[in-house]
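Here is the naming used below: chain letters follow the sequence lines, and residue numbers restart at 1 for every chain.
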Amino acid sequence: MSALSALIRRDIRIALRVGGGALIGVFFFLTVVVLMPFAIGPDLALLARLGPAILWLGALLASLLTLDRLFTADHDDGSLDLITMSRTPLELSCAAKALAHWLAAGLPLVIATPVLGLLLNLDASATAAIALTLLAGTPALTFIGMIGAALAVTLHRGGLLLAVLVLPLSIPVLIFGVAASEAAITEPLSFGAPFSILCALSLFGLIVGPFAAAASLRHGLD
Amino acid sequence: MSALSALIRRDIRIALRVGGGALIGVFFFLTVVVLMPFAIGPDLALLARLGPAILWLGALLASLLTLDRLFTADHDDGSLDLITMSRTPLELSCAAKALAHWLAAGLPLVIATPVLGLLLNLDASATAAIALTLLAGTPALTFIGMIGAALAVTLHRGGLLLAVLVLPLSIPVLIFGVAASEAAITEPLSFGAPFSILCALSLFGLIVGPFAAAASLRHGLD
Amino acid sequence: MSLGPYATFIAASYLVVLVVVVLLIAWIAIDYRSQRRRLNELETEGVTRRSGRQTTEL
Amino acid sequence: MTLIDLANPTRFLAFTARLLPWLVAATAILLAVGLYQSAMAPDDYQQGATVKIMFIHVPNAWLSMFVWGVMSLAALGTLVWRHPLADVAAKAAAPLGAAFTFLALVTGSLWGRPMWGTYWEWDARLTSVLILFLMYLGLIALWRSVEDPSRAARAAAVLTLVGAINLPIIKFSVDWWNTLHQPASVMRMGGSTLDRAFLIPLLVMAVAFSLLFLTLHLAAMRNEILRRRVRAMQMIHVAQAGQRAG
Amino acid sequence: MRLSGRGVRCVRGGREVFAGLDFEANAGEALAVVGPNGSGKTSLLRLIAGVLAPAGGSITLERGDDELTLPEQSHYLGHRDALKPALSVSENLAFWRDFLGGAPSNLAESLATVELDHAARLPAAYLSAGQRRRLSIARLLTVQRPVWLLDEPTNALDTAGQKLFASVMSEHLSRGGLIIAATHTPLGVTSRTLRVGDGL
Amino acid sequence: MRLSGRGVRCVRGGREVFAGLDFEANAGEALAVVGPNGSGKTSLLRLIAGVLAPAGGSITLERGDDELTLPEQSHYLGHRDALKPALSVSENLAFWRDFLGGAPSNLAESLATVELDHAARLPAAYLSAGQRRRLSIARLLTVQRPVWLLDEPTNALDTAGQKLFASVMSEHLSRGGLIIAATHTPLGVTSRTLRVGDGL
Ligand code: HEM
Ligand SMILES: Nc1ncnc2c1ncn2[C@@H]1O[C@H](COP(=O)(O)OP(=O)(O)OP(=O)(O)O)[C@@H](O)[C@H]1O
Ligand SMILES: Nc1ncnc2c1ncn2[C@@H]1O[C@H](COP(=O)(O)OP(=O)(O)OP(=O)(O)O)[C@@H](O)[C@H]1O
Ligand SMILES: [Mg+2]
Ligand SMILES: [Mg+2]
C-alpha cells in the first residue's frame, strides 16, 4: 500500500514540477477552446451546439499529449526495471501510475470545464452535464491509453501498428461522452443510456487497462 | 548541403521506422473528423460548411501532437551537442529538422485530406482548395511549433507547456487557412487574398522559426 | 452622483480593480519582507556573498 | 548618475530606494485626482453612468499591451547585452501585465453586459486580449518552471520577442476574420471623438495607472534582485557545507 | 543462501548470446562476471533480475525467503540509474525507499555514506556522472536486499568512490549478502570469477 | 596548434563549479583532466566544446584553422553517445560521417578498427554498453578533427578495447592531434595531468 502511494505521489510530484502538469493541461484545454471560434467563426449558437464536442476533443488531446511518455520515461531511465522487480504486483503499479496521471492531468480538466463552458456560451445545466461526463469518461481515456503507452515501450524496436490499434479503442469513449452530453442538453430523458455506457467503458478500462499494460510491459523489457 | 540532406534523411527514416509520427498524426486527424458528425448531428449542409474549419483544426492539433519531441529526443541522446558543434549553422540544422518533420508528419495530413473531405460531404473543388491551403499553411504550423520544441530543451520539459506557449502564435495561420478555404468554396474570386497572406505567414515562419529555435537551443544546452 | 440602473456593474468593476491592485501591492510588500528576512538570516549564519564578482552580476 | 551606473544592481537598489517614495506619492495623488474627476464626470447621453467604467477599463487595456512592449525591450536587453537586470525587469513585469490584462477583460465584460447584453462575445478585440492574457500566463508558467533564472530568462526572452511580433499580426488578422464572418459592431460610443468632459479624466487615470505600473514594477524588480541574492547565498551555503563535509 | 544457474541460455534479438552457462554463488560470496564487450554479462544479470526471460536452463535461489521470488530479493544496479531529474536527491532516494519497502529512517545516513549529504536538496538533474552513481549506490544501502546484481558498478566513480564502494560491498558480504557483478576492472573485494563468451 | 584556457570560470545551475582555471595543450599532446566526482571535469570539456558558455576567462585555439571555431574543429565524446536505436550501426555512423563532413569511403574501415564490422547491420538498440562506446569511437575515426574532447572514454570498454583505444589515441597524437580527456583511470597514453576541483 505505501509502495503504491509512494508511486502515485512521485508521479504527481513530477507532473506538477515538470511543466506544471495540472495547470498547463488546463491552459492547453483553454487554448484549444479559444482556438475554436477562430476556426468556426463567432457564431454563438453554433459554438454552443458544438460545445460538448469541443470540450471532449480538448480533453482527449490534453490527455493524449502527456500519456505517451507514461511508461517510456520510466523505461528510458531504468525505473521500470526496478518497478518490475519489486514486490508490488506490476498490475497494481500500472494502475497506480495511471491513477496518478489522471489525478494530475485528467481531473483538472473536469474542474476547469465550468469556466470553459462560460466562454462557449453553454448554460449551467449543460456545463454540469459535460463536466459529469468528463468525470466519468476521462478515466477510461487514461486507462485505455495506458495500454498504448505500455505498448510504446515494447515497440521501440519497430512495429508501430499495435499502438495505432489501441487508439481506436478511445473512440467509443469519445462518441458516448459527446452523445451523453448532448442528450443532457437537448433531451434530458435520454441522458441515462449513453451515460451508463460511458461508465461501463470506464469500468472496463479500469480492469482491462492495468492487466493489458502489465502483460505487455513484462514482455517488453530487454 | 550534404550535411543537411543527411539530417533530413535521418529524421525521416527514424520517423518512418519508429513510427508514431505520420501514422498517429493522420489517425488523430481522422478521429477529429469522424467525431464531428456526432457532435453536429446529421445536418449535411452544416457539416459541409464547417468542413474547412474542422479539417484545419484537426491538422493543427495533429501537428502539435508529434512536434514536442523534435529536439528533446536529440538532446536526450547527446546528438544535439554534436549538431551544435558542427560546421553547419544551427539555424540551418533546425530548419532541416523541421522540414523533415513536416515531410513525415505534415505532408501525410495533406494527402489524407481528400479522403476526409469525402466524409465531410465536401465537393471535389472544395476539398482541393482545402488541401491546397493545408499544403501552404502546415509548414507555418511546423515552423512556429519548432520554437516551442526548442524551448522544451531549455526548460528540460516537454509536452504541454510548449503547446501552450506556441498555440497562440499559430492562431493567424488558422484564421487565414480557414478563411482561404471558405473563400474558395463560397466566393472563389476572393480566394487569392487570404491565401497569399497564408503563404506570407508560412514564409515568415520559415524565417523566424529557425532563428528563434536556434537562439533558444544555443542558450539551452548544458 | 447617481449611477443609474447599472450601478452594480460600475461598482463591481471599480471594486475588482481595487481588489486586484491591493492584492498586487500586498504581494509585492510581503515578498519584500520575506526576501529581506531570508537575506538577514543567511547573513547572520555567516554566509557571505563572494567578492570580486563582475559588476553586472547580481 | 548615468544609465550605465544604473545597470549596476547595487546602485539600482540604492537609486530606487530614494525614488520610490516620490513615485508612491505621485501615484496616490494622481489616482485620487483621477477618481474624483471620474466621479464628477457627467453621464454619457447614450451610455448613461456606465461610461464611468471607461475610466478604468481603457487605462488597463492600454497597459496590458504597453507592458508586453516593456518586456520585449527587456528581452532584447537579455539576448543582446546579456544583462541580468534586463532579466529581472522582464520577470517582474509579467505578473503585472497579466493583472492589467485580467482587469481589462473583467471591466470590459462588466461594461459589455449593460451595453451589449452579454458578458462575452467572440469579438476581434476581446479575443485578442484573451489570447494576450493566455500568453502572459504561459510566460509566467515558463518563468516559474525553470530553476535557473538566467536560463529561464533567455527562454522567456525568445518567447516574448516572438510574441511581440505576433501581437500586431493577431490584431490585424482579427480584422479579416471579423469582416468575413460578421460586421464589426463593437467599440462604439457617443461619437468617435471624445468630449473633453470624458477625455480629461480618462487621461488623468491613464497617467495614474502608468505611474502605478512604474512604481509596482520598480518594487517588484527590487524584490527579484533580493530573491536572486538569497538564492546565490543559499548556493554558497550548500557549497560551504559540502566543503566542510568533504 | 545459494544462487545457481544451470545450463542457462540467452537469446536476444533473435541471436543466441550464450548457452549452457553454469554458475553458482553462496551467501557471503562475490562473483565477478567478466568477458569481452558484447559477450552477455549484462544479459546474464538481467536474466537473474527477471527482466529478461531465459531461453533455456534455470536460475534458482536456495535457502532464501520462500515467500519471495528471486527478483524480489534482489537489487539491480544498471547503466541507467532510475533517477528522476526533476526530483531532488533526497526525494529520489525517499521514493525508492518507500516503493521498495525500506526502513523509514536511514535515508540521511546512506546519503552521508556516499558523501552526497550536502547535495540532498539539489535536483538530480544537477548531478555529475559520478554523483549519480553514488546516489544509485545509496539505494542499495537504504533498502535491504540479500542479492546485489551490479553492472559495472565502479564506472564513473573517482578513486575515493571506488574505495568507498569496495567497503560497502565487503560490508554487505560480511552480513551474508551475495553479489554478482559484471565488470572490466578489478572489483575491489575478493571474488570468484565467471567468464562468459569465450566461445564467441 | 595550441589550445589554452586562461582564468576559466564555470557556473552551473547558479553555483560556481570552478574558477581561475588555467591550462594548455599543444599539438601531439594529451591532457588528462582528473579530479573527484563533481569537481567539474565534464563541465570543462563542455566549455571547450562550446556547448556551455564560460562565466569568465577565455579559451583559445592558436594556429588552428582560422576559418573555423574551436568547436567546429573538435570531436566530443560524452556519456550520451548520440546513437539512434532505430537506425543500424552503419546507418548511425554514415549519418555522422555525412553530417560532420567526413571522407566518403572509410566507413567499413573504421567499423573494422573498432571490431564492429560483424554487427554493421544490427540496429543500434541491440548493442551492449561496450559496443556502443566502440561505435562512438568509430565516429572519431571516420571524420577528421584535430581536437578530441573525451569524457571517460574507456568506460565500458573491455581490456582489449582499452588497448585498442590507446593505440587509436596515440595514432591521433602522432599525427599532430590534441586530446583532452576526463578520466578516473590511467589514460593509456603518455599525458600531462590537469587537476580540477582541489580547492573545493
Ligand atoms: C471583455 C471585454 C473587453 C475587452 C477585452 C476590451 C479590450 C479593449 C482594449 C484592448 C482596448 C484598447 C484598444 C486600443 O487602444 O487599441 C479597449 C479600448 C476601449 N474599449 Fe474595450 N474591451 C472590452 C469591452 C468593452 C466594452 C463593452 C466597451 C463599451 C461599450 C468598451 C469600450 C472601449 C473604449 C471606448 C475603448 C477606448 C477606444 C479608444 O482607444 O479609442 N470596451 N478595450
Ligand atoms: N546540468 C547541470 N546543472 C547544474 N549543475 C550541474 C549540472 N551538471 C553538473 N552540475 C554540477 O556541476 C558540478 C560539476 O559537474 P561535472 O559533471 O562537471 O563533474 P565531473 O567532474 O565530470 O564529475 P564526475 O567525475 O562525477 O563525472 C557538480 O557539482 C554538479 O552538481
Ligand atoms: N536489447 C537488445 N536486443 C537484442 N540484442 C541485444 C540487446 N542488448 C544486447 N544485445 C546483444 O546481446 C549481446 C550481449 O549483450 P550484453 O549487453 O549482455 O553484453 P555485455 O557483456 O554486457 O557487454 P559490455 O561489456 O559491452 O557491457 C550483444 O552481442 C548484443 O549485441
Ligand atoms: Mg554490459
Ligand atoms: Mg563527468
Exercise. Hey, which of D:Leu110, D:Thr215, D:Asn223 has the most heavy atom pairs under 4.5 Å with chain C?
Worked result: D:Asn223

Exercise. What residue, out of D:Asn60, D:Leu216, D:Leu212, D:Ile56, has the most heavy-atom pairs lying under 4.5 Å from chain C?
Worked result: D:Ile56

For this session: Might you point out which heavy atoms bring D:Val230 and C:Leu42 nearest each other, and give the distance in Å?
Result: O-CD1, 3.7 Å

Exercise. What distance do C:Ile10 atom CD1 and D:Phe55 atom CZ have between them, rounded to the nearest 0.5 Å?
Worked result: 10.5 Å

Exercise. Between CD of C:Gln35 and CZ of D:Arg229, what distance do you get to the nearest 0.5 Å?
Worked result: 12.0 Å

Problem set entry | Residue pair C:Ile28 / D:Arg222, side-chain heavy-atom distance below 4.5 Å | no

Seminar exercise, completed: Comparing C:Val16, C:Thr8, C:Leu23, C:Ile25 against chain D, the one with the most heavy-atom pairs below 4.5 Å turns out to be C:Val16

Exercise. Given the options C:Ala12, C:Ala29, C:Ser34, C:Ser13, which has more heavy-atom pairs under 4.5 Å with chain D than any of the others?
Worked result: C:Ser13

Seminar exercise, completed: So, the part of D:Phe209 with a heavy atom under 4.5 Å from chain C: the answer is side chain

Seminar exercise, completed: What one should report as the nearest heavy-atom pair of D:Lys52 and C:Tyr14 is O-OH, 2.8 Å

For this session: Heavy atoms only: give me the nearest D:Leu226-C:Tyr32 pair and the separation to one decimal.
Result: CD1-CE1, 3.7 Å

